[in-house]
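The block underneath contains the structure these notes are about, expressed in structure tokens.
Note that the structure is a prediction, hence the values are computed from the model and not measured. Below, read A as the first sequence line, B as the second, and so on, with proteins coming before strands; counting in each chain starts at 1.
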Amino acid sequence: MEPQTQASRSSDPIIQVRNLRKTYYHGKLVALDNVSLDIPQKQVAVIIGPSGSGKSTLLRCLNYLETPDSGDVIVDGISLSTTEQLAKVRAEIGMVFQQFNLFPHLTVLDNIMVAQRIVRKRNRDDAERTAKELLAKVGIADKGNSHPGQLSGGQQQRVAIARALAMQPKIMLFDEPTSALDPEMIKEVLDVMLQLAQDGMTMVVVSHEMGFARNAADRVIFMDEGAIIEDTTPKELFDAPKHDRTREFLGKILH
Amino acid sequence: MLLDDTSRLTEHRLTRAEARDWRLVAAAFGALLLLVSYALPLFGQRISSATTEFSGGTVIEREYPVLVHEQHFAQTKRPIGEQLVSVEITTEQVSLAESTGYGWMAQIVQDSEGALRHLSMLLMMGLPLVSAVIAIALVGQSWRGPSGVPEALIPISIQLAALSVPGLFLAWFHQFDFSFLLLEQSAGALMPGVGFWLAMAASVTTAVSLFSLRNETRREIVNWWALVLAVVLVIWLLVRFRPFPYLEIWRFINDGILVTLRIVSTSFGLMLLVSLLGGLGRISSNRVINFVASLYVELVRGIPLLVQLLFIWFALPQVFNVIGAALLSVPLLEGAGQWLIDLRLDPFTAAVLGLTVCYGAYGAEIFRAGISSIHKGQMEAARSVGMSYVQAMRFVILPQAARVILPPVGNEFVALLKDSSLVSVLAVSDLTRRGREYMSRTFLSFDTWIMVALCYLVLTLFSSRMVELIESKTRFER
Ligand SMILES: Nc1ncnc2c1ncn2[C@@H]1O[C@H](COP(=O)(O)OP(=O)(O)OP(=O)(O)O)[C@@H](O)[C@H]1O
Ligand SMILES: [Mg+2]
């Protein structure tokens, strides 16, 4: 991809989802049903929906951790269904998981350095400097030499965010980053995400944290049964939902 | 004071009264006494030559410049059809300086051949010395250190002190080459001197006082390494007390031990590689690779190792011949065909091949289980930061799986070591085959097989302990 074409498309949405379909059990279970979606640069999109509605599947298709049955995802002008360099594209897309998925055999610093070293081929000093800066940014500068198992859940999730940021990604994906956390740790993770949103990162967040959605999101997408039901601003979706299913769902989670 | 005193003298600087505890004082006294006793006459006379006469007229005359050596073997391995008639020895006085413990050790070290030949004498005499040094270190640290008796030193110092007493006796036995006939012949000349008895008393004192310190530590006083040592000791004592046939058996089979170790280490290294590939194949989503790997595992695990070895040795050359002949008629592949026909497996290669193929199948299952025990989120996280499959395996999955894989793979190593005895059917001169050869030559079946069994036991017990050690080292890192 030459820089010129990239520049000429910079006004294009950085993520374009085209007619994605994903099924399990040989087509018996439809997880994503013909989903299309554009996400412009610097947008913060929050996806909500009931359990099993396909939110994680959609998110995981955005970096092709899950290969869709049909349809395509175009990230920064590159079509993931045809590219030979999936790993290269993935390095540009940070991902944060519900279960953190830190590497338990490595120290916190090494967790953040390992991909910089072997994927970005940075030398040790540069990687370490970046790692330390990011640790300071997420507020745990003193934990560099601990192992993940020695940290609290909130600290681990912040390390996971730092690990993703170390690749200097253009996009960040979050799959329920706070739902495995005790209530008192949720805020410290959300604060980091909020900061990231203010810095202009393009973010796609699966989360039921309504406070975050109201404050940080440009857009909220409601999914059900593998399809996008409603896709609008937070204010409109929360205050005046158009569909019955949306209303019903919001009634359940907001009480 | 009683032996089961349970006061804890650790974790604090000893008070003046505690420092005068009899166990510490007696241990230090015993250790110092030992150092002194080694400067007194230990063995004042030595055997300088011996004449051995057999009934058929065979006479063996030998001179011994430093220490009697292999005399026992010479007189027990009688020529065929002859009986031992008599052993005459001459003894000679050694100078006062040379008769001391230090003197004897110096003589043996200085003798160019003697140092190795009489290594066991050096070890037996050195044992009480090392024990004394450690006892002094222990007492010294207790008196001066900030945390009282150094608990970590207690087990080792008890073990060494306890071994010093038999060690001194065994050192004395070297003076008559473990042959009580020679001791009788010397008519008292070989009885130990005052230094010996003093060293004995010192060792007993140190051993008893250190042993009564055992309640100061929560560590195990004896661990399973002692069993390895004990089996080595049994072999050594057999060789010394009954040089015929055990010394002869040992000399005959010890090159077999090296062959066994070479076969086992080569096959083990290759087996790890096969296991890794097999394990990755078994979890591969590529159906062909998965099928091939699964077929390999299922087939090989269903055939006894002995049958596999016999197949490789006797039948594989014919398979090569048939394939080679078929290739000869294919243009461009004649060279490969001729190469296959000419290919001859030597016994060593066949043995390694058989063991690798067989154990690789079991190892593949271990690797598969180990790799799949790692949560799939790890692979996803690694891929999400842009690592390739190989990089993710290499840097994220395998290092974690290694901890799961290590214990069963260690057990496989021990099993491989034992099963390597089966390769003796392939004309490989391993430990087992050397034993069989010796037995068919002499018909000493009991002695031969007890020796072979003991040798295997040392190897397997030692490996098991090493596996445990490596396991415990890797467990802490997390
Ligand atoms: N690997 C898989 N194998 C089989 N079925 C799957 C798999 N992953 C997801 N599914 C199914 O696909 C559907 C969508 O799942 P998905 O995880 O995307 O839902 P979700 O909206 O993220 O739900 P939750 O809020 O519970 O995380 C569900 O019915 C789920 O059971
Ligand atoms: Mg989900």
Side-chain angles (χ1 to χ4, degrees), chain A residues 56 59-60 62-67 84-107 110-121 146-151 156-157 159-169 171-175 180, chain B residues 272 275-276 279-280 283-291 366-410 467 469-478:
Chain A
S56 300
L59 205 66
R60 293 153 56 80
L62 296 184
N63 64 355
Y64 260 50
L65 274 187
E66 209 76 73
T67 314
E84 297 284 311
Q85 296 180 311
L86 209 45
K88 232 177 201 171
V89 181
R90 284 196 186 120
E92 306 296 330
I93 309 175
M95 187 156 194
V96 175
F97 302 84
Q98 184 175 358
Q99 299 299 337
F100 326 138
N101 294 349
L102 291 176
F103 307 135
H105 62 299
L106 300 177
T107 63
D110 285 334
N111 261 278
I112 306 176
M113 285 162 61
V114 61
Q116 296 189 64
R117 302 263 287 133
I118 64 177
V119 178
R120 292 276 190 245
K121 310 265 188 266
S146 310
H147 279 262
Q150 299 162 330
L151 303 186
Q156 290 191 49
Q157 194 59 297
V159 174
I161 295 173
R163 175 178 70 182
L165 291 176
M167 305 302 287
Q168 281 147 345
I171 302 162
M172 286 285 285
L173 310 177
F174 294 82
D175 190 358
Chain B
L272 287 181
S275 305
L276 176 62
L280 289 175
I283 55 171
S284 167
S285 51
N286 180 319
R287 287 189 191 189
V288 178
I289 294 176
N290 194 311
F291 176 76
I366 295 173
F367 273 66
R368 182 191 60 76
I371 294 170
S372 16
S373 78
I374 304 304
H375 192 267
K376 78 181 197 332
Q378 291 291 311
M379 179 54 100
E380 291 179 352
R383 301 304 296 270
S384 81
V385 286
M387 290 190 204
S388 67
Y389 179 82
V390 174
Q391 287 172 331
M393 269 293 160
R394 161 78 184 76
F395 294 100
V396 176
I397 307 296
L398 286 179
Q400 295 181 58
R403 269 169 224 174
V404 185
I405 290 171
L406 210 67
V409 161
V467 171
L469 193 74
I470 296 171
E471 254 173 65
S472 67
K473 286 271 185 290
T474 51
R475 213 178 291 140
F476 285 107
E477 272 172 41
R478 194 162 259 239

Any idea which heavy atoms bring [X] and [Y] closest together, and the distance?
X: A:Leu65; Y: B:Arg383; result: CD2-CB, 3.9 Å
X: B:His375; Y: A:Asn101; result: ND1-OD1, 4.4 Å
X: B:Gln400; Y: A:Pro104; result: OE1-CG, 3.2 Å
X: B:Val385; Y: A:Val119; result: O-CG2, 3.9 Å

So which part of [X] gets closer than 4.5 Å to some heavy atom of chain B, the side chain, the backbone, both or neither?
X: A:Arg120; value: neither
X: A:Leu86; value: neither
X: A:Phe97; value: side chain

CD on A:Gln99 to CD on B:Gln378, rounded to 0.5 Å
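B:Gln378 CD to A:Gln99 CD: 11.5 Å, rounded to 0.5 Å.
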Any chance you could measure B:Ser384, atom OG, to A:Arg163, atom CZ, to the nearest 0.5 Å?
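Separation between the atoms: 6.0 Å.
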Is it true that atom OH of B:Tyr389 has more than 12 heavy atoms of other residues, nucleotides or ligands lying nearer than 6.0 Å?
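Atom OH in B:Tyr389 is packed in, count exceeds 12.
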Which of B:Ala381, B:Ala382, B:Pro399 touches chain A most, by non-hydrogen pairs under 4.5 Å
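Result: the option with the highest number of such pairs is B:Ala381.
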Tell me if a side-chain donor or acceptor on A:His105 pairs with a main-chain N or O of B:Phe395 at a distance below 3.5 Å.
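Yes.
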